[in-house]
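Model, not experiment: these values are computed from the prediction. By convention in this document, chain letters (A, B, ...) are assigned in the order of the sequence lines, proteins followed by strands, and residues within each chain are numbered from 1. Computed from heavy atoms alone, side chains included, the values below leave out hydrogens, waters and symmetry copies.
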There are 2 protein chains.
Amino acid sequence: MKTISRKQEIIATATRLFYEKGYTAVSMRDIATAMDIKAASLYNHIKSKQEILSEIILKVAEEFTVGMENVLAENSSAIKKVEKVIELHIDITVNHSEALAALNNDWMHLEEIDLRSFVKMREDYEENFRSIIKQGIEAGEIKPYHPEVILFSILSTLRTLYLWYQKRGKVDVNILKKDMVSVLIKGIV
Amino acid sequence: MKTISRKQEIIATATRLFYEKGYTAVSMRDIATAMDIKAASLYNHIKSKQEILSEIILKVAEEFTVGMENVLAENSSAIKKVEKVIELHIDITVNHSEALAALNNDWMHLEEIDLRSFVKMREDYEENFRSIIKQGIEAGEIKPYHPEVILFSILSTLRTLYLWYQKRGKVDVNILKKDMVSVLIKGIV
DNA sequence: TAACAAAACTAACGCTTGTTAGTTAGAATT
DNA sequence: AATTCTAACTAACAAGCGTTAGTTTTGTTA
């Protein structure tokens, strides 16, 4: 179906514009103009502006959820799992850096089920990460700081990586992973 | 002058709403309704919606600038300066947690001189922080990681602290400072 | 009590918003 | 050659936007 690919073009264009100015500051006419068509034409391919936002955000949110489930399923130490989570974030950042702006800044403009579903995913994700850290502390692999502070510190860095990755001309992924794992882990072991 | 205090009430109300939904998603009518008056009445006290945004953002941005200048003026080790910067962020977060949402997410909706002035302040701030880290590395106080990665990691955590501080019922400031300094510094020394 | 300033009001402006209805040009399929 | 499908178009809608002008209410001071 050609419609699907055209729909993906719209979503890609919107993702870029949302990254630059935020969801509410971008109009359907802005998106259309960027594609050299009229705003009404967009509705041959998408149901609403809201649908664009939820496709952008939920697709990436599901990648996080699936990635976290894979990490949890592993049979390895807590520290190794933290490393895997860091690498998961970096992989997603590299592939969807612009979508992450919408996920981080515009999720509250989701509606109804989409909003609830996103919030649930995010809470579960944080809870899973928190339990990995707690297990690491119990096992003596991780220093006994307040787990909340460790969680917050690592997650903040990972969540805003998309801003820096864009700004400082896209470093090599493997070097980035090594550096980030060093800086984020060395402080807590 | 009563007008000034009324103006501050408007700014305080707008700050809260901008924190919840973002600058562009909040209308002048929203702000007015939250104050139990009509939108037109706001204009007895402020020039424009834009003025509200720039007062919110630039006031806090100047606190960061002044704070950083004080840190630079100190005669102490690089590590001690990094500690002071961490404490500066925590103090500002505690006092202006909602304004920081606008500063972080809506600065791009500033116009003209205000936008230029903000961007300049932020660039200078980052550059000053970067040079503290570089000096620490040269002096052997800080591990020789890529300074950019250290800067990014610490600054990301500090910049999103306002989100966590709101969510987890406002911890005691001094405990927070001690914990954050531990987690953020121990990893790099 | 009259005068004054502060701060609210009503009404409206021109413009932008997301979205719908109906139509048309071109390409693919029968 | 006729039909169907895709994807664009024009035109318009009702609602909401930031803002202005002019007026009225409210509270303080002379």
Salt-bridge test for [X] and [Y]: reply yes if a basic N is under 4.0 Å from a carboxylate O, no otherwise.
X	Y	value
B:K178	B:E87	no
A:K177	A:E83	no
A:K80	A:E141	no

Quick check for you: among [options], whose closest atom lies nearest to any side-chain atom of [X]?
X	options	result
B:A40	C:dT10, C:dG18, D:dC9	C:dT10
A:I37	D:dC9, D:dT19, C:dC9	D:dC9
A:Y43	C:dT20, C:dT10, D:dG18	C:dT20

Over how many whole Å does the gap from [X] atom [atom1] to [N] atom [atom2] extend?
X	N	atom1	atom2	value
A:L42	D:dT6	CG	P	18 Å
B:L17	D:dG18	CG	P	12 Å
B:K7	C:dA7	NZ	P	13 Å
A:M28	C:dT17	CE	P	11 Å
A:I10	C:dG18	CD1	C1'	14 Å

Between [X] and [N], is there a contact of a side-chain N or O with OP1 or OP2 at under 4.0 Å?
X	N	answer
A:H45	D:dA8	yes
B:K49	D:dG18	yes
B:R6	C:dA8	yes
B:S27	D:dG16	no
A:S41	D:dA7	no

Q | Modelled atom types, side-chain donor and acceptor of B:S41 and B:N44, under 3.5 Å | A |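 No, no side-chain donor-acceptor contact under 3.5 Å.
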Q) Is the ring centre of A:Y165 less than 6.0 Å from the ring centre of A:H96? A) no
Q.
If you go through the side-chain atoms of B:N44, does one of them form a donor-acceptor pair with the base of C:dA6 closer than 3.5 Å?
A.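 Side chain to base: no pair below 3.5 Å.
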Q. Can you find an N or O donor on one side and an acceptor on the other, under 3.5 Å apart, linking the side chain of A:R29 with the base of C:dG18?
A.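 In this structure, the two groups form a donor-acceptor pair.
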